[in-house]
Amino acid sequence: MRGAVLYGPRDLRFEECDTPTIIKPTDAIIRMAVTCVCGSELWDYRGLNPVTQTKPMGHEYCGIVEEVGRAVTLIKPGPFVIGSFFASDNTCPNCQAGYQSGCEHREFVGDAQAPLLRVPLADGTLVATPEVPSDDLVPSLLALSDVMGTGWFAAAAANVKPGKTVAVVGDGAVGLLGVLSAKQMGAERLIAMSRHASRQKLAREFGVTDLVTERGDEGMARIKELTDGIGVDSVLECVGTQESMMQAIRSTRRGGSVGYVGVPHGVELNGQEMFYAHVHLHGGPAPARRFLPELIDLVWQGQINPGKVFDLTLPLDQVAEGYRAMDERRAIKTLLRP
Ligand SMILES: [Zn+2]
């Protein structure tokens, strides 16, 4: 089969690679229905994370179970399943606490931009849909594998509750789905920080009430203005830069919460400032597995449509163009069809 492999900055190839097989008895092999490109992969693609050896790409996946190892008991061949980018046993103390992305036995699933995928710890990782979904549901179900689970975690970590005022820093796919998540959790006033027309439009569609186009300290000042100088109850930080992190912390009211899911690059926090800010900070790689049953249900009932963040669909063999389009901000997120 052929899959996506990164060779170096902006050098992504779709090339022949080994067909995955069951290696451990707890593995499953799934045939990809659709896959996609993650914003976090642009860090590698742009060379901001050094690529020292060729790297298979892709960690968002859903599809039909083809084969399972002999120790897999809950998942059988046949169903449509979704899993998270971290495989987890779903039984260790960290999983039991809802932090499957911190599972004691976690394994990163990192070669999903291919027609077939080996998923470790299949029983703990994969969640089946009620039946094989109709085509129109598939993009939204794929989104639950990472991007929607991450937006949802940002909102949960930021303690979004009905009636609260919420701001979202970052208008990438995660930020936009953070908006959708906060709306679904009952946010009353919902402020998005965005300066791109197409993204503002989707943010409005997902429930944003106010748009702020300023960034950094100016963005923070604008949020203070909108909240009588107090700041918002919850901020979802969905970028991962020093500027976005400080903007998030400084936009939060005393006692409020920041949920941060942008992978930090060069972020450093000042102890004194944090001490006097009175702000809760919680974040990390999203335990997408925790939310899968609930989010599958919401998609299945037509209550949420996170698949709307895919504004470019390409055949999998054009994956390189999928990266280019996101790198150049011509696309919010690329869906790939094997
Ligand atoms: Zn675990």
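Read the numbers this way: they start at 1 and go in the same order the structure lists the ligands and their atoms. Quick caveat, the model's predicted, so the values are computed rather than measured.
Residues in residues 303-338 take part in these ring pair (Phe, Tyr, Trp, His ring centres under 6.0 Å) pairs, two or more places apart or across chains: Tyr45-Tyr323. Sorted by first and then second residue, the ring pair (Phe, Tyr, Trp, His ring centres under 6.0 Å) pairs with a member in residues 53-110 read His59-Phe85, His59-Phe108, Phe86-Phe108, Tyr99-His282; sequence neighbours excluded.
Under the rule for a ring pair (Phe, Tyr, Trp, His ring centres under 6.0 Å), Trp300 has no partner lying at least two apart in sequence or in another chain.
Using a 4.5 Å heavy-atom cutoff, the side chains of Arg289 and Arg106 are not in contact.
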Asn305 vs Ser140, side chain to side chain donor-acceptor pair (under 3.5 Å): CA-CA, chis, key distance, verdict: CA-CA 6 Å; Asn305 189 358; Ser140 285; 2.7 Å; yes
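Around the Zn ion (ligand 1), the protein atoms of type N, O or S found under 2.8 Å away are Asp89 OD1, Cys92 SG, Cys95 SG, Cys103 SG, listed by chain and number.
Salt bridge annotation for Arg222-Asp210: absent, with no cationic side-chain nitrogen under 4.0 angstrom from a carboxylate oxygen.
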